[in-house]
Amino acid sequence: MLNRRELIKRLSALPLVGGLLGSSAPLTWASSTKTLLPYRDYFAELGVRTFINAAGTYTAMTGSLLREETKAAYNYASEHYVMLDELQDKVGERIAQLAKSEAATVTSGAFSAMTFGMAGVLTGMDPKKVTQIPHLEGTGMKTEAIIQKAHNIGYAHAVRNCGVKVIEVESKAELEKAINKNTALMLFINAYEPDGQINAAEWLEVGKKHKIPCMNDCAADVPPIENLWKFNEMGYDLVCFSGGKGLRGPQSAGLLLGKKELIAAARLSAPPRGDTVGRGMKVNKEEVLGMWAALDAFVHGDLDKDWKLWEEQIAHIAEAVKPVKGVEIKIHVPPIANHVPTLDLSWDTKKVRISGNELKAILRSGHPSIEVAGGGENSISITTWMMRPGQERIVASRLHEALAQATA
Ligand SMILES: *Cc1c(COP(=O)(O)O)cnc(C)c1O
């Protein structure tokens with residue numbers, strides 16, 4: 001990086017921008033049109049706290065940091081006009097190849113992917129029905145979606161947006177009984193598979209038997225990379241992913257993968273078409289191209305290398321807190337969703353006199369600020385996959401410091 005004196009010297013040689021220089025800051029090309037703008041620390045200017053993300057992919061924490069490939073595609077797209085449908089057509093083909101699905105489209109997240117998928121199932125290619133959603137009565141559209149009770153933890157609102165009633169079932173017998181002439185869709189939430197009585201394969205089997213389309217919400221379920229195509233190959237009609245979690249595409253993007261005719265139908269409810277349930281769930285060229293670039297980088301990237309880094313980072317943090325008496329360490333990989341090395345810390349509050357939430361507050365209020373996950377009575381949880389490499393050292397020393405202080 002340039003030091004301040006060199007920077008000023010260089011900048012003052014540029015007549016148009018020399019006077020814009022406010023503070024000591026690196027020089028950046030704002031875009032490929034070569035508009036030279038001084039670096040601007042927007043978040044500092046606004047007084048918005050930035051932090052090291054040792055928690056994971058949380059919407060409230062703005063998800064993930066974009067891959068370099070995503071940023072390049074995003075910036076590139078911002079400088080050209082294209083027809084939105086043409087771009088979705090072409091990017092959809094490439095994404096479908098990468099994810100081994102018949103067809104694909106970019107949505108504004110896994111949640112909207114579910115809404116679009118539901119809409120497509122209800123309307124087919126009928127443009128009148130597209131405008132009628134969410135009022136289904138008397139339209140000839142089906143009116144119900146089935147979900148396992150253990151899976152019904154908020155996200156089914158995405159299909160309720162289309163006006164369907166969500167029917168909860170627990171056992172396979174209940175599922176068979178719940179299916180009727182109004183059943184439009186069977187929704188499976190992949191991350192909750194272990195909590196329900198019916199697994200992904202059995203759910204699909206029942207759907208096939210009764211010719212009911214099945215959708216699997218896999219929002220947070222890469223890695224492993226194979227999950228991208230596992231459920232398409234299994235025969236799920238629709239599969240949804242978040243773009244801004246493990247894929248590190250735009251946080252306001254997601255993927256709807258599935259059968260050709262259903263993706264085509266789903267897109268009738270998507271912008272640029274108005275008078276649709278999806279008009280407010282817009283993605284523009286930047287998200288569409290950025291999503292493809294992120295997926296391409298993910299599929300062709302070296303996940304083994306990333307994994308090794310995450311393991312080393314977790315081990316580094318674990319080593320740092322190990323000497324604190326009363327602290328217990330558990331390193332594990334959640335089986336589905338956020339399937340990455342994870343460090344769970346818990347402690348004996350008689351020895352380490354601090355609560356999980358107090359520890360979180362200490363980490364949050366320090367410099368740099370750090371966010372971790374969990375935080376109940378006497379525990380917190382850490383992942384490193386959303387950090388910048390190297391930040392694990394800061395997290396390790398700050399954690400050690402805070403825990404050791406609480407033993408004093
Ligand atoms: C994150 C998540 C969603 C929502 O995904 P977005 O990409 O934020 O729309 C839906 N379902 C599950 C299981 C999730 O984890």
Side-chain angles (χ1 to χ4, degrees), residues 53 55-67 70 95 99 104-119 145 147-162 166 168 185-196 198-200 203 214-224 227-228 230-231 236 238-258 266 269-271 277-278 280-284 286-288 290-292 294-295 298 333-340 342 373-374 381 383 385-386:
N53 181 356
T57 57
Y58 290 88
T59 295
M61 297 184 196
T62 59
S64 54
L65 298 181
L66 298 181
R67 289 173 190 280
T70 314
I95 289 177
T105 191
V106 178
T107 66
S108 62
F111 197 93
S112 69
M114 285 189 263
T115 302
F116 283 124
M118 183 75 254
I147 190 169
Q148 289 182 76
K149 192 173 176 195
H151 293 216
N152 194 10
I153 313 184
Y155 295 114
H157 202 130
V159 299
R160 285 202 279 127
N161 281 345
C162 295
V166 169
E168 285 185 350
L185 183 81
M186 287 166 52
L187 176 60
F188 194 85
I189 313 281
N190 200 52
Y192 300 130
E193 182 177 48
D195 303 319
I198 311 166
N199 70 26
W203 190 257
C214 289
M215 176 153 69
N216 196 352
D217 169 22
C218 299
D221 302 351
V222 285
N227 275 358
L228 264 179
K230 180 177 172 184
F231 302 100
Y236 269 84
L238 293 163
V239 181
C240 311
F241 283 97
S242 288
K245 291 182 180 167
L247 295 173
R248 288 177 55 208
Q251 167 68 6
S252 305
L255 299 172
L256 179 63
L257 311 171
S269 286
V277 68
M281 304 170 195
K282 180 157 72 178
V283 281
N284 198 25
E286 294 82 6
E287 287 86 20
V288 176
M291 188 68 254
W292 170 46
L295 187 70
F298 178 75
V333 177
I336 321 177
N338 306 303
H339 177 79
V340 291
T342 303
S381 175
T383 63
W385 64 323
M386 292 296 132

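For ligands, and for the atoms within them, numbers begin at 1 and follow the listed sequence. Sequential numbering from 1 along the given sequence is applied to the chain's residues.
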Before signing off on this row, confirm whether D217 and ligand 1 have an N or O atom pair separated by under 3.5 Å. yes
In this structure, atom 4 (C) of ligand 1 is nearest to the protein heavy atom Y155 CE2, 3.8 Å
Can you sort out the partners of Q251 under side-chain hydrogen bond (donor to acceptor under 3.5 Å, both in side chains), two or more places apart, ordered by chain and number? none
If you measure every N/O of K245 against every N/O of ligand 1, is any gap under 3.5 Å? yes
For A219, which part has a heavy atom under 4.0 Å from ligand 1: side chain, backbone, both, or neither? side chain
min-distance protein heavy atom vs atom 8 (O) of ligand 1 -> T59 OG1, 4.0 Å
Check whether the side chains of N199 and E193 place a donor and an acceptor atom closer than 3.5 Å, and report yes or no. no
For the residue pair G246 and M386, what are the closest heavy atoms and their distance? CA-CE, 4.5 Å
Number the atoms of ligand 1 from 1 as they appear, then name those within less than 4.0 Å of a heavy atom of G109, with their elements. 7 (O), 9 (O)
Can you find an N/O atom of A191 closer than 3.5 Å to an N/O atom of ligand 1? no
Hey, is ligand 1 close enough to S242 that some N/O pair sits below 3.5 Å? yes
Return the set of residues passing side-chain hydrogen bond (donor to acceptor under 3.5 Å, both in side chains) with S269 (not counting sequence neighbours), or none when no residue passes. none
Which distance, rounded to the nearest 0.5 Å, do you find between the SG of C240 and the CG of L257? 8.0 Å
Would a distance-only check, ignoring hydrogens and angles, find a side-chain to backbone donor-acceptor pair under 3.5 Å from N161 to T115? no
Short N or O distance, F111 and ligand 1, threshold 3.5 Å exclusive: yes
With no hydrogens and no angle check, is any side-chain donor or acceptor of H339 less than 3.5 Å from a backbone partner on P224? no
